[in-house]
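Read through the structure below, which is laid out as structure tokens, and then see the notes.
A, B, ... follow the sequence lines: proteins, then strands. Residue 1 opens every chain. Quick note: numbers below take in every heavy atom, side chains included, and nothing from hydrogens, waters or symmetry partners.
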Amino acid sequence: MAATTETVEQVRAVTEQKYKYGFTTDIESDVAPKGLNEDIVRFISAKKEEPEWLLEWRLKAFRVWQEMEEPRHWAKLSFPPIDYQDAHYYAAPKMKDRPKSLDEVDPELLKTYEKLGIPLREQEILAGVEGAEGKSPAIAVDAVFDSVSVATTFKAKLEEMGIIFCAISEAVHKCPELVQKYLGSVVPYTDNFYATLNCAVFTDGSFVYIPKGVRCPMELSTYFRINQANTGQFERTLIIADEGSYVSYLEGCTAPQRDENQLHAAVVELVALDDAQIKYSTVQNWYPGNAEGVGGIYNFVTKRGACRGRNSKISWTQVETGSAITWKYPSCILQGDNSVGEFYSVAITNNFQQADTGTKMIHIGKNTRSTIVSKGISAGRAQQTYRGLVKILPKAEGARNHTQCDSLLIGDQCGAHTVPYIENRNRTARVEHEATTAKISEDQLFYCRQRGLSEEDAVSLIVNGFCKEVLKELPMEFAVEAQKLVGISLEGSVG
Amino acid sequence: MIEIKNLHATVDGKEILKGIDLTINPGEVHAIMGPNGSGKSTLSYVLAGRDGYEITEGSVSFFGKDLLEMEPEERAAAGLFLAFQYPVEIPGVANTTFLKSALNAIRKQRGEPELDAMQFLKLVREKTKALSMTDEMLKRAVNVGFSGGEKKRNETLQMAVLQPKFAILDETDSGLDIDALKIVAEGVNALRSPERSMLVITHYQRLLDYIVPDHVHVLAFGKIQRSGGKELALELEKNGYAEFGVNEAA
Ligand SMILES: Nc1ncnc2c1ncn2[C@@H]1O[C@H](COP(=O)(O)OP(=O)(O)OP(=O)(O)O)[C@@H](O)[C@H]1O
Ligand SMILES: [Mg+2]
């Protein structure tokens with residue numbers, strides 16, 4: 001057993017060193033006073049120069065939220081009470097106006113993204129050149145720093161095709177009818193405690209609209225960064241794929257290393273109309289806290305996609321390695337006939353991290369299909385729960401679901417739990433569920449080490465193998481980062 | 001090259017190796033034969049540095065260094081290779097990925113430059129061909145779903161790629177069909193050189209027709225009971241281990 005303990009030690013040591021994103025940026029900020037009340041909601045709305053309807057919507061949400069309770073009773077998570085009055089609900093890097101081009105963005109901010117490996121400027125130039133040769137597909141980035149979107153690249157090129165990719169606060173002014181029509185149409189403002197809070201105080205996030213029949217030529221990506229201390233981050237993402245369109249969207253996130261816990265409560269809404277496809281990938285690497293469980297992000301996220309149209313498809317792929325607490329169930333509402341929902345997830349918890357994550361697949365239309373592949377890895381004293389719901393409504397003739405839930409344990413102080421709920425109200429539907437739990441065996445570790453791999457590289461290799469089915473769903477650009485994250489560093493993996 | 005002196009090892013308090021003495025010089029091939037449960041695999045595990053064995057007495061020096069002080073991966077980098085009696089499955093990890101990671105990990109430990117994807121592929125293709133293995137097997141997950149014989153062949157491939165200085169083959173012949181046995185033996189013979197040594201553990205003298213050993217040892221009850229030339233294997237084939245007090249029915 002000694003080897004396993006050592007492995008855990010090593011994974012622990014490495015994981016801590018690995019959080020290389022723990023720096024803060026010294027930048028002047030506009031910060032709202034601490035606390036949460038209607039005035040703060042009005043303050044945020046005013047800062048964003050929002051139309052009346054949106055302010056009213058926020059206030060409705062805020063009033064509902066005040067009557068709601070934190071959903072503590074059912075999730076397998078334990079954390080001290082959160083004082084919602086003890087946080088800032090708005091923080092923005094000081095800028096006179098929204099920067100018109102990258103030249104106007106504070107160099108400190110550009111440096112931050114460079115450090116994170118998201119060099120907004122270089123990316124644009126490099127990708128532009130490469131894109132021109134038709135080699136590597138470019139990535140358009142929307143960078144969100146604390147509460148504000150600071151830069152979006154490739155906008156002009158996308159606009160030529162009628163694609164709208166911008167900060168949601170900008171979309172409110174640019175295409176208000178779209179925002180008003182779809183905002184809250186998938187996750188209503190009464191949905192749940194965190195989502196409702198988000199409705200009241202969301203500050204920024206990304207907006208995407210892909211017009212009819214357009215295949216978005218590049219990956220769209222948003223990079224979220226929490227910098228300001230004691231700030232909650234409440235971003236809101238809305239993606240609409242009109243008939244016959246396709247988009248692949250990536251989301252990445254990091255935060256500085258701080259001793260206090262920071263709240264992150266995002267909402268993501270996806271809408272796919274007839275024959276449209278949305279592929280949404282996340283690599284979540286918020287600060288997880290230290291080895292003793294101090295600090296880290298509380299990540300309470302509501303992600304939901306509506307397959308409204310016939311033959312539409314939504315895929316969620318997530319690699320969750322960060323956060324002290326993860327509470328997240330990306331879901332698909334399969335409304336359109338023949339629509340398809342997919343959920344591919346890798347969740348890694350170490351030390352004192354806790355994750356309660358899974359998905360919901362709601363089959364409404366005929367011949368709707370869903371696939372769930374969840375890979376959970378627990379090390380240290382971490383606790384992880386897969387919680388999934390597959391619901392087949394009476395009209396979902398011929399619906400199909402296949403669920404595969406695998407857990408891998410490293411050491412013997414961690415836990416993995418699987419809680420699948422299945423509600424099938426149609427006889428012609430078929431639901432399959434498979435679950436396995438395994439440990440990294442001493443034999444596997446020894447075999448790898450005999451071949452020259454260090455123990456940590458062996459763990460990394462084995463874990464990457466375990467997650468392969470999910471990792472291969474990620475876009476190439478992300479897969480590399482994810483592989484490194486998943487293990488430690490996969491020395492020279494075959495490209 | 002390797003000098004084993006009075007090696008005693010216990011597992012869970014039970015003594016399995018009871019004083020092994022064995023010296024292998026560069027270029028030599030030694031064969032170990034012995035009844036089931038006599039400690040052959042235990043010896044190979046102890047040499048490779050597997051956890052769970054307590055060395056109660058004795059020493060092993062490898063190129064003048066104290067082998068027993070080294071981590072398994074350091075032993076690998078120093079040139080020790082073990083072809084497992086029971087190769088381990090690693091789901092989801094492609095054979096090529098595994099091999100490339102292993103080779104580069106060893107090269108890195110030795111301070112040699114790592115091979116890039118192209119160089120590696122060239123090397124591995126060459127070795128794969130020599131062992132009549134298919135590219136398809138390279139893409140598959142390490143040993144997962146491999147037949148017994150395929151696993152053994154895969155061990156040989158790893159050895160051919162990693163080019164160890166001292167290879168222990170723990171029953172690499174068992175499970176191989178006649179053609180495969182020849183191919184694997186050729187693979188092993190191709191590695192024979194004045195600088196390289198091998199310790200071949202086997203139950204069948206047939207293998208030794210192909211890989212002709214310089215010395216043959218009989219291991220029973222945790223000790224080397226007798227040593228001789230290749231004719232000893234023939235004798236064992238005929239008479240069994242009765243002479244060493246082993247009850248054949250057991
Ligand atoms: N963990 C363990 N606990 C107790 N006994 C063990 C353990 N591991 C090995 N042994 C015992 O040690 C002895 C030697 O085993 P070993 O695998 O070395 O034999 P072997 O010579 O390789 O046999 P075979 O020819 O069948 O491969 C056996 O009696 C075995 O049961
Ligand atoms: Mg054996």
side-chain hydrogen bond (donor to acceptor under 3.5 Å, both in side chains) involving Thr202(B) - partner list, sequence neighbours excluded: Asp173(B)
Counterpart residues, side-chain hydrogen bond (donor to acceptor under 3.5 Å, both in side chains), relative to Arg125(B) (two or more places apart): Asp135(B)
Which heavy atom of [X] sits nearest to which heavy atom of [Y], and what is that distance?
{"X": "Ala105(B)", "Y": "Gly452(A)", "result": "CB-O, 3.3 Å"}
{"X": "Leu461(A)", "Y": "Thr97(B)", "result": "CD1-CG2, 4.2 Å"}
{"X": "Arg449(A)", "Y": "Glu71(B)", "result": "NH2-OE1, 2.6 Å"}

Please table the atom pairs, donor to acceptor, closer than 3.5 Å between any side-chain atom in residues 52-67 of chain B and protein atoms at least two apart or in another chain.
unit_1	atom_1	unit_2	atom_2	d
Glu57(B)	OE2	Asn6(B)	ND2	3.1
Asp66(B)	OD1	Leu68(B)	N	3.1

Residues from residues 151-163 of chain B approaching chain A under 4.5 Å (heavy atoms): Glu155(B), Gln158(B), Leu162(B)
Worked verdict on Ile90(B) versus Ile462(A) for side chain to side chain contact (heavy atoms under 4.5 Å, CB included): CA-CA 7 Å; Ile90(B) 310 179; Ile462(A) 295 166; 4.1 Å; yes
Selection from Gln450(A), Glu469(A), Lys468(A) maximising heavy-atom pairs under 4.5 Å formed with chain B: Gln450(A)
Heavy-atom proximity to chain B below 4.5 Å, by part of Phe466(A): backbone
Aromatic plane relationship, Tyr447(A) with Phe98(B) - under 30° parallel, 30 to 60° tilted, over 60° perpendicular: parallel
Side chain to side chain contact (heavy atoms under 4.5 Å, CB included) between Asp443(A) and Arg50(B), intermediate numbers included: CA-CA 9 Å; Asp443(A) 282 344; Arg50(B) 189 187 164 123; 2.8 Å; yes
